[in-house]
Amino acid sequence: MSHVEIGGLSGCVGETVTIQGWVTTTRSSGKVAFAVIRDGTGLLQCVLVKSQVAEEVWDRFQGLTQETSVAVTGEVRAEPRSPGGYELGLTGLEVIGESVDFPISPKEHGTAFLHEHRHLWLRSRRQVAIARVRHEVVQAIRDFLYERGFVCVDTPILTGAIGEEAGNLFSTEYFDLGSAYLAQTGQLYGEAAAAALGKIYCFGPTFRAEKSKTRRHLTEFWMVEPEVAWLDSDGNMELQEQFISYIVARALDRRAEELKELERDTSRLESVTAPFPRLSYTDAIAYLKSEGHDLEWGADIGGDEETVLASRYDRPVFVYNYPKAIKAFYMKENPDDPRTVLSNDCLAPEGYGEIIGGSQREDDYDRLLARIVDYGLDPDAYKWYLDLRKYGTFAHSGFGLGVERTVAWICGIPHIREAIAFPRQIHRLYP
C-alpha cells in the first residue's frame, strides 16, 4: 500500500492509498460519517459508510477527536465539492496518536490565550495560510536577488559595532573582550562584502531592544539587506520598487488560495507595480501640516503620519532625503542640502507603514569619521569600517526589508506577530 500526500492526490484517482495526517473535524449521521484530515500539504475529506467497513473501523472512528493523528486507507475519488477537489472512500483507519481535550476549539479565543498556545495555534488554517505566504515571500526574495547576480553573504549576529541606535541593543559579555551585541543590522559587514563581490545581500534575524508595543514591532525579526557597489540613491529606490513589485506578484500568482483563505482583498495588491511615487521629506512635512498634524521640519515621521502619507496612493510610496540629525551615522550627506542625507523609507499602503529603509552610504573617510565621533561612538570599534573608505572608496547604496512587515501587509493581517511562527515581543518569550 502506497503512502501519499494529500497534495499529490491528482494522479491517484481510482487507486487505494494510505494517508497519514491529523483530524480537523468529524461528523456522523449514524450510517455515514465524515472526517476532514490534513497533512501539511492540504485538506482531505474522508467518507465512511457503516455498512461497508469492519465494525472495529467504525468504532475507532467514533473515538476520533480534534488533532488525533491517524493513518487512513481508501479509494481516491474526484469530488469538486470537497476541500482540494478529492475525497477518500475510507476502508481502513489506524489511530497513531490520541488528542485529548485539544485546547484550541472552533470557538473564539482571546489573543493572549492563542499566543500562550502558539505551538498549537500554528495548526489552524489561517496560520498555515500565513506561513505559506511567508514561505513564498522568502523564496521570492532569494529568487529575485539570485536572478540578478547577487551573492548571499552571512554576516555576524554577535558584533562589537553598533549599526543603529545604541539604546536599542541587546548586549552580552563576550569572554574577555567586553560587551558584544546582538546585531541590529548586517549592513556594515555587507558593505565590506560589496567591495569584494559588487552585489550582495545578507538575510537573517536581527534584534532591536526598543520597548515598543505597537502592532508593527518585534524584538526579533528577519531582514534582507542588499548592498550594491556603484549605485546611487535614485538607483537604490528603483531597485527597491522592482524588488517589492516582484515579491507581491509572486504571492498573487502562487498563493492565491492562501490569500483567499485569509480573505485578503487582492485587488489592493494588483496595483503594486513600479514605479512608485516619491515624496521628499520636506514635501511630506508640508503636506502633513496642511492636514493638521503638528509636525515641524526636523521631526521624525511616526506611524500615524506614515499612514496618512501612504493613504494618498494605491501602491507603496517613497519618502526620501530625511534630516541628517534623525538618521544613522553611515548615511551620505545630501550635496544639494547638507541638512539632509540621501536616504529613503518605503511606506506600504493600507496603514502598514515602513517596510524598507535605505540609503546611499557615506563614502568619504573624513566625513564618516566625523559622524562617528558626533554620534559618540568609538572610532576604534569602526576602524575596519573606515578602512573601506581608506582603500579604494566607492559609491554604494543598500536597504533593509523587514520580512514580517511585508508578510503582514501582503496577507492583510492586523498585527505583525502573526507573520512569524514564534514572535518575540517585550512581554513574551514563551513558547
Side-chain angles (χ1 to χ4, degrees), residues 138 141 151-197 200-214 216-227 326-331 343 354 356-359 361-363 365 367-391 396 398-405 416-417 420-431:
V138 169
I141 286 169
V151 177
C152 181
V153 174
D154 298 317
T155 57
I157 289 176
L158 285 170
T159 176
I162 298 168
E164 301 287 345
E165 297 178 34
N168 294 337
L169 291 161
F170 288 107
S171 63
T172 184
E173 289 305 306
Y174 195 77
F175 303 109
D176 297 328
L177 298 180
S179 294
Y181 307 99
L182 292 180
Q184 300 164 309
T185 173
Q187 176 209 311
L188 306 189
Y189 298 97
E191 291 184 50
L197 295 160
I200 68 94
Y201 72 98
C202 61
F203 196 179
T206 50
F207 306 86
R208 303 286 169 89
E210 55 188 307
K211 294 183 178 180
S212 175
K213 297 181 180 180
T214 80
R216 299 178 182 176
H217 287 85
L218 296 170
T219 58
E220 176 187 325
F221 59 96
W222 282 69
M223 186 159 60
V224 57
E225 298 179 87
E227 195 74 29
I326 61 173
K327 286 298 182 181
F329 70 91
Y330 52 73
M331 296 184 180
S343 62
E354 179 194 344
I356 283 181
S359 72
R361 318 310 191 186
E362 181 55 74
D363 53 88
Y365 180 96
R367 288 183 177 178
L368 180 59
L369 176 59
R371 293 290 298 281
I372 289 171
V373 172
D374 287 346
Y375 273 65
L377 303 173
D378 180 5
D380 286 342
Y382 294 88
K383 182 178 181 299
W384 67 270
Y385 187 62
L386 287 161
D387 278 351
L388 304 180
R389 280 72 177 169
K390 186 176 179 181
Y391 301 108
H396 58 293
F399 62 88
L401 175 140
V403 171
E404 288 75 20
R405 288 188 182 184
I416 195 174
R417 64 192 169 198
I420 188 169
F422 296 99
R424 293 292 174 251
Q425 299 169 275
I426 63 172
H427 58 277
R428 182 166 299 284
L429 198 57
Y430 174 91

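The figures here come from the full heavy-atom set of this structure, side chains too, leaving out hydrogens, waters and symmetry mates.
Contact detail for Gln184 and Ile162: the closest heavy-atom pair is OE1-CG2, 3.7 Å. Contact record, Tyr174 with Ala180: CB-CB, 3.6 Å, taken as the closest heavy-atom pair. Scanning both residues, Pro379 and Val373, for their nearest heavy atoms gives CG-CG2, 4.0 Å. Across Pro423 and Leu218, no two heavy atoms sit closer than the pair CB-CD2, 4.0 Å. The shortest heavy-atom contact between Ile200 and Ala193 is CG2-O, 3.8 Å. Of all non-hydrogen atoms in Pro205 and Ile157, the two that sit nearest each other are CG-CD1, 3.8 Å.
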Would Phe221 and Ile420 satisfy side chain to side chain contact (heavy atoms under 4.5 Å, CB included), going step by step from the backbone distance to the final call? CA-CA 8 Å; Phe221 59 96; Ile420 188 169; 5.9 Å; no
For side chain to side chain contact (heavy atoms under 4.5 Å, CB included), just list the numbers for Ile372 and Leu386, CA-CA rounded to whole Å, side-chain angles, deciding distance to a tenth of an Å, and then say yes or no. CA-CA 10 Å; Ile372 289 171; Leu386 287 161; 4.1 Å; yes
For Thr206 and Arg208, what are the C-alpha separation, side-chain angles and deciding distance, and is it a side chain to side chain donor-acceptor pair (under 3.5 Å)? CA-CA 7 Å; Thr206 50; Arg208 303 286 169 89; 5.5 Å; no
Walk me through it: do Gln187 and Met223 pass the test side chain to side chain contact (heavy atoms under 4.5 Å, CB included)? CA-CA 10 Å; Gln187 176 209 311; Met223 186 159 60; over 6 Å; no
I'd like to know whether Leu429 forms a side chain to side chain contact (heavy atoms under 4.5 Å, CB included) with Arg424, so could you lay out the CA-CA distance, the side-chain angles of the two residues, the decisive distance to 0.1 Å, and finally the verdict. CA-CA 6 Å; Leu429 198 57; Arg424 293 292 174 251; 3.5 Å; yes
Evaluation steps, side chain to side chain donor-acceptor pair (under 3.5 Å), between Glu191 and Tyr330: CA-CA 11 Å; Glu191 291 184 50; Tyr330 52 73; over 6 Å; no
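Atom OG1 of Thr172 sits about 7.5 Å away from atom CG of Leu182, to the nearest 0.5 Å. With rounding to the nearest 0.5 Å, the separation of CG in Leu368 from CG in Asp363 is 9.5 Å. Taking CD from Glu362 and CE from Met331, the interatomic distance works out to 12.0 Å, rounded to the nearest 0.5 Å. Within the model, atoms CG of Asn168 and OH of Tyr181 stand 13.0 Å from one another, a figure rounded to the nearest 0.5 Å. Atom-to-atom distance recorded for Arg428:CZ and Ile426:CD1 is 12.0 Å, nearest 0.5 angstrom. The distance from the OG1 atom of Thr219 to the NE2 atom of His427 is 10.0 Å, given to the nearest 0.5 Å.
In this structure a side-chain-to-backbone donor-acceptor pair under 3.5 Å is present from Arg405 to Glu354. For the pair Glu225 (side chain) and Gly186 (backbone), a donor-acceptor distance under 3.5 Å is present.
Taking the ring pair (Phe, Tyr, Trp, His ring centres under 6.0 Å) definition, one finds that Tyr189 meets it with Trp384, sequence neighbours left out. Partners of Phe329 under the ring pair (Phe, Tyr, Trp, His ring centres under 6.0 Å) rule, at least two apart in sequence or in another chain, are Tyr382.
Counting heavy-atom neighbours within 6.0 Å of Phe422 CZ, excluding the residue itself, gives a total above 12. Within a 6.0 Å radius of CG in Asp154, other residues, nucleotides and ligands contribute 12 heavy atoms or fewer.
When side chains are defined from C-beta on, Ser212 counts as touching Thr214, because their heavy atoms get closer than 4.5 Å.
For residues 180-190, there are no salt bridge (charged side-chain N to carboxylate O under 4.0 Å, His left out) pairs, not counting sequence neighbours.
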